[in-house]
There are 2 protein chains.
Amino acid sequence: MVTITAAGASELGTRAKPAFSLDDLNPYADGCPSRRLLDRIGDKWTVLVVGTLDDGPRRFSDIRRSVAGISQKMLTQTLRGLERDGLVNRTVYAEVPPRVEYELTVAGTTLLAPLKALERWSIEHFGDVSASWELYDDTHADSAES
Amino acid sequence: MVTITAAGASELGTRAKPAFSLDDLNPYADGCPSRRLLDRIGDKWTVLVVGTLDDGPRRFSDIRRSVAGISQKMLTQTLRGLERDGLVNRTVYAEVPPRVEYELTVAGTTLLAPLKALERWSIEHFGDVSASWELYDDTHADSAES
DNA sequence: CTGAATCCGCGGGGATACTG
DNA sequence: CAGTATCCCCGCGGATTCAG
């Protein structure tokens with residue numbers, strides 16, 4: 001069913017846009033909900049966390065170790081977000097040392113492909129970009145070279 | 001040439017890692033430079049700005065209008081970053097009303113593909129995610145339903 | 001072990017004004 | 001038109017502490 005209300009677009013006032021048609025789903029529009037997905041993808045950790053889940057279910061601490069530098073708070077927050085998005089399943093095992101496993105849903109798996117593509121791109125083109133950095137910084141060494 | 005020093009990894013102390021081999025270029029490592037690329041990609045605007053450039057060169061104001069909600073400051077900043085990364089070419093025409101055009105480089109074009117894939121994903125799966133939101137919020141309505 | 005809750009600094013990023 | 005410079009707010013996110 002899923003009735004989509006234009007939450008967040010209401011404060012614009014003038015435009016009475018009750019719902020979004022599929023044609024309106026271009027991420028370049030300001031109030032467009034699909035932009036929220038890009039925002040989520042764009043957050044610092046989502047890409048990395050999802051990336052660690054392609055090998056099957058993993059425990060909280062396990063993921064934490066895989067993604068170097070992530071704090072407990074951010075991992076929890078990221079996982080909650082992904083769970084809310086329906087991209088990750090959270091399973092709690094009632095044991096004495098609590099065990100929680102996270103696993104990609106079917107939808108989550110579909111996201112994995114483009115994400116891995118990005119990952120691959122950043123690895124493959126690191127050399128080019130790094131070279132470009134030096135060139136740029138060299139060319140623009142006119143001010144503030146410290 | 002591009003000598004890559006392990007900046008940021010030195011404070012780990014124990015591991016004496018002087019430089020990165022290609023095998024070390026996994027974005028999950030903390031100090032890994034390829035992570036910086038993901039960070040750049042992950043910033044709020046890069047995806048959208050690059051996405052507007054697939055139709056050929058565009059002017060500053062033109063891009064600004066296409067990406068709803070972006071401020072002039074952020075657009076400038078994003079474009080500078082992309083230029084430094086060697087993903088965008090900046091061309092200034094010495095005219096009376098100054099005209100500046102931005103255009104994807106070859107490297108920039110290679111990034112376009114995975115980025116468009118993400119864009120497409122966010123559009124295609126918006127329905128699923130939106131449904132998941134309602135389900136999640138409904139299930140977890142135990143606290144703070146306001 | 002898996003989290004929730006709190007404190008808080010820093011920087012992202014918007015608004016505005018000014019230059020070439 | 002295409003920026004640069006400045007002010008300043010707010011929220012991201014790290015560190016720490018407490019709970020089941």
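In what follows, chains carry the letters A, B, and so on, assigned in the order in which the sequence lines appear, proteins first and then strands, with residues in each chain numbered from 1.
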So, with a heavy-atom separation below 4.0 Å from DNA chain D, the residues of residues 45-59 of chain B are B/Arg59
To the nearest angstrom, the CG-C1' distance between B/Leu79 and D/dT4 comes to 15 Å
Contacts of A/Arg90 and B/Lys73 projected onto DNA chain C by closest heavy atom; the upstream (5') one is A/Arg90
Notebook entry, point to check: Do B/Tyr93 and B/Ile63 sit in the same hydrophobic cluster, where Ile, Leu, Val, Met, Phe, Trp and Tyr count as joined when their side-chain heavy atoms come under 4.5 Å apart?
Noted result: no
Taking C/dG3, C/dC1, C/dT6 as options, the one with an atom nearest any side-chain atom of A/Tyr102 is C/dG3
A/Met74 atom CE is separated from C/dA4 atom C1', nearest whole Å, by 13 Å
Rounded to whole Å, the CG-P distance (B/Leu75 to D/dA2) equals 10 Å
Margin query: Does any part of the side chain of B/Asp128, heavy atoms only, come nearer than 4.5 Å to the side chain of B/His125, both counted from C-beta?
Written below: yes
Residues pairing under salt bridge (charged side-chain N to carboxylate O under 4.0 Å, His left out) where one sits in residues 60-78 of chain A, two or more places apart or in two chains, turn out to be A/Arg58-A/Asp62
> Below 4.0 angstrom from OP1 or OP2 of D/dA2, is there any side-chain N or O of B/Ser61?
Replying inline: yes
Do A/Leu75 and A/Trp45 come within less than 4.5 Å of each other through their side chains, counting heavy atoms only? no
Please confirm whether the shortest side-chain N or O distance from B/Arg64 to OP1 or OP2 of D/dC1 is below 4.0 Å.
no
When we call it a touch if two heavy atoms are under 4.0 Å apart, what does A/Tyr93 touch: a base, just sugar-phosphate, or nothing? nothing
Between CZ of B/Arg80 and P of D/dG3 the distance, given in whole Å, is 5 Å
Separation of C/dG14 atom P from B/Ile70 atom CD1, nearest Å, is 8 Å
The nucleotide from C/dG14, D/dA2, C/dG3 with an atom nearest the side chain of B/Ser71 is C/dG14
| Is there a donor and acceptor pair closer than 3.5 Å between the side chain of A/Gln72 and the base of C/dA4? | yes
Of the candidates D/dG3, C/dC1, D/dC1, the side chain of B/Val100 sits closest to D/dG3
Taken to the nearest whole Å, CZ/A/Arg99 to C1'/D/dG20 is 17 Å
Exercise for the section: Indicate yes or no: at least one non-hydrogen side-chain atom of B/Glu103 is less than 4.5 angstrom from one of B/Glu101. Expected result: no
Is the shortest heavy-atom distance from the side chain of B/Leu53 to the side chain of B/Leu112 under 4.5 Å?
-> no
When rounded to whole Å, the CD to P distance for the pair A/Glu83 and C/dG3 reads 9 Å
In terms of ring plane angle, is the pair B/Trp133 and B/Phe126 parallel, tilted or perpendicular, where the classes change at 30° and 60°?
-> perpendicular
